[in-house]
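Index from 1, following the sequence. Start at 1 and go down the list; that is how both ligands and their atoms are numbered.
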Amino acid sequence: MDEKSPRLPEPFKIKMVEKITLHPREKRKELIKKVDYNVFMLKAEDVFIDLLTDSGTSAMSDRQWAGMIETTQAYAGSQSYYSLEKAMKDIFGFKYFIPVHQGRAAENILFSTMIFPECYVPNNTHFDTTEANILRNKGIPVNLATEDAYDSAKVLPFKGNMDARKLEEFIREKTPEKIPLIMTTITNNSVGGQPVSMQNIKEVSVIAKKYGIPVFIDACRFAENCYFIKQREEGYRNKTIKEIARELFSYADGCTFSGKKEALTNIGGMLCTNSEELYEKFRNLTIVIEGFATYGGLACRELEAMARGLYEVVDENYQVYRHRQVEYLAKILRDGDVPIVEPPGGHAVYIDAKKFLPHIPPEQFPAQTLTVQLYIESGVRAAEIGSSCFGKIDEKTGKFIPARMELMRLAIPRRTYTDNHLKYVAECLTMLYKKRDQIKGLRRIYAPKLLGHFTARFEPIN
Ligand code: F0G
């Protein structure tokens, strides 16, 4: 199919539906007030269209459900463990793996094993749980994305890249002994779901090898990233997503993976490595904190659903549909002049709240404000990826240091909503944009130190 061909419909049909309810506006206002203006605290049943996350919210296929019923449950050595191992080896190509209950469990095991106090862990951009798991183990997370990542209007094919020159300077400055591993997050969620090029992964890998530092990929959205490579990077147009994935992972020593995204399941994850020594260490810790190493905190049926989902996510027809749906939402927003991060990411469209609400300063949480207003306006739940999520309090001065970007993310659950749902979201957001001058900011009245945004409380500023 070329660009002029008719827009392909979903490569599936619907077998089961779930009712959703839109409460009246007054009730939505009351509900959000009751939870102190934090959408994480809303009941899911009070949300009309839930774009809080693409994690654990996919609709599974009939083949995945069938596999869940067919498999047997076993504490040790279940057949689904071997199905998942086969899929992992076939698609990722690592020598060893451990299933875990979700991505952050893989992060916990990885960092508890590999890092030490005061060490540095560079990444293009750490996701919030990755950052928190490093801090919890007394390491220092470092973000080395290119400057382009922070310019929401700039259209570039691979805005998720690591700045390779900065990485090498950083290693030289801090010395390789203080850097136990380097990570690369694909796609780069925190700056707009932006992809990383194969070229960049290779460059990072060459630098890491030069200094003897292992590279781990945060592979949450690897297939969406590989599809971008296929579309945008020279030499990949005729390769399958699986072939691209195999090449990409061949430049790494291991990966963390959240199956809640691209295994198209509602729970699950993996920690993979090529090192037997590391695998032994990971395995021992997994048994203590997750469960025996052939189930890793999951029911065997969930392993089976992941094994089957991994093949569905590397199916090109699925990726074409996925990317066109994200682009569809982006286009309607763009047509309504709503400031979005360009180009749109692989799993979400991000709104630049600094541009949407230029009259609201960072201390008044523009992205959080927009998220709250969108719920009131439409019953749609989005996620804040701004100063509530990534802002810091300087320990010495007590001063608030805002995040570099104030984004509101409209994450699209996989195979869950139709284009009509997304059209409604875009139309409501466009209406809100027209009356943006009337929107007032928020004051934060409570936030715990680590991952504070989940339970933070706010009040409106009048
Ligand atoms: N890394 C990235 C890039 C992520 O986006 C996430 C989760 C994780 C790690 C952790 O995985 O949730 O399975 O423990 N992201 C979700 C989100 C929560 O909404 O973006 P997990």
Original post:
Among protein heavy atoms, which sits nearest to atom 9 (C) of ligand 1, and what does the distance come to when rounded to 0.1 Å?
Top reply: Glu107 OE2, 3.1 Å
**OP:** Look at the rings of Phe92 and Phe249 and say which category their plane angle falls in: under 30° parallel, 30 to 60° tilted, over 60° perpendicular.
**Re:** parallel
Original post:
Taking the six-membered ring for Trp, are Phe400 and Phe365 ring centroids under 6.0 Å apart?
Top reply: yes
Original post:
Between Tyr120 and Phe170, does the ring centroid distance fall short of 6.0 Å?
Top reply: yes
Original post:
Does Glu118 come within less than 4.0 Å of Lys174, counting only side-chain N to carboxylate O?
Top reply: no
Original post:
Which of the atoms in ligand 1, numbered in the order shown and given with their element, are less than 4.0 Å from a heavy-atom of Asp218?
Top reply: 1 (N), 2 (C), 3 (C), 9 (C)
Original post:
Do you see a donor-acceptor pair shorter than 3.5 Å between the side chains of Ser387 and Glu406?
Top reply: yes
Subject >> Basic-acidic side-chain contact under 4.0 Å: Asp54, Arg414 >> reply: yes
Original post:
Contact between Ala411 and ligand 1, counting heavy atoms under 4.0 Å?
Top reply: no
**OP:** Return the residue, atom name and 0.1 Å-rounded distance of the protein heavy atom closest to atom 8 (C) of ligand 1.
**Re:** Phe127 CD2, 3.5 Å
Subject >> Protein residue, atom and distance nearest to atom 20 (O) of ligand 1, heavy-atom basis >> reply: Arg409 NH1, 2.8 Å
Original post:
Strictly under 6.0 Å, is that where the ring centroids of Tyr236 and Phe228 end up?
Top reply: no
Subject >> Pair His323-Glu224, side-chain donor/acceptor within less than 3.5 Å >> reply: no
Original post:
For Asp54, is at least one N or O under 3.5 Å away from an N or O on ligand 1?
Top reply: no
Subject >> ligand 1 atoms in contact with Ser258 (distance to a heavy atom under 4.0 Å) >> reply: 11 (O), 13 (O), 21 (P)
**OP:** Select the closest option to atom 5 (O) of ligand 1 among Thr256, Asp128, Thr130, Asn189, judged by heavy-atom distance.
**Re:** Asn189
Original post:
Does an N or O anywhere in Gly103 fall below 3.5 Å from an N or O of ligand 1?
Top reply: yes
Subject >> Nearest protein heavy atom with distance in Å, relative to atom 11 (O) of ligand 1 >> reply: Lys261 NZ, 3.2 Å
Original post:
With a cut-off of 4.0 Å, which atoms of ligand 1 are near a heavy atom of Thr53?
Top reply: 16 (C), 17 (C), 19 (O)
Original post:
Just which atoms of ligand 1 are under 4.0 Å from any heavy atom in Thr185?
Top reply: 3 (C)
Original post:
For the residue pair Phe257 and Phe97, is the inter-centroid distance of their aromatic rings smaller than 6.0 Å?
Top reply: no
Original post:
Side-chain donor-acceptor pair under 3.5 Å between Glu304 and Ser83, yes or no?
Top reply: yes
Original post:
Near Thr129, which atoms of ligand 1 are under 4.0 Å from a heavy atom of that residue?
Top reply: 8 (C), 9 (C), 10 (C)
Subject >> atom 12 (O) of ligand 1 [closest protein heavy-atom partner, distance rounded to 0.1 Å] >> reply: Arg104 NH2, 2.8 Å
Original post:
Is the closest N or O pair between Arg221 and ligand 1 shorter than 3.5 Å?
Top reply: yes
**OP:** Would you please say whether a donor-acceptor pair under 3.5 Å links the side chains of Thr185 and Asn123?
**Re:** yes
**OP:** Identify, for atom 21 (P) of ligand 1, the protein heavy atom at the shortest distance, and state residue, atom and that distance.
**Re:** Gln102 NE2, 3.3 Å
Original post:
Would you call the rings of Tyr279 and Tyr96 parallel, tilted or perpendicular if under 30° counts as parallel and over 60° as perpendicular?
Top reply: parallel
Subject >> Side chain, backbone, both or neither: the part of His126 lying under 4.0 Å from ligand 1 by heavy atom >> reply: neither
Subject >> Non-hydrogen atom of His347 closer than 4.0 Å to ligand 1 >> reply: no
Subject >> Lys260 neighbourhood, listing ligand 1 atoms whose heavy-atom distance to it stays under 4.0 Å >> reply: 13 (O)
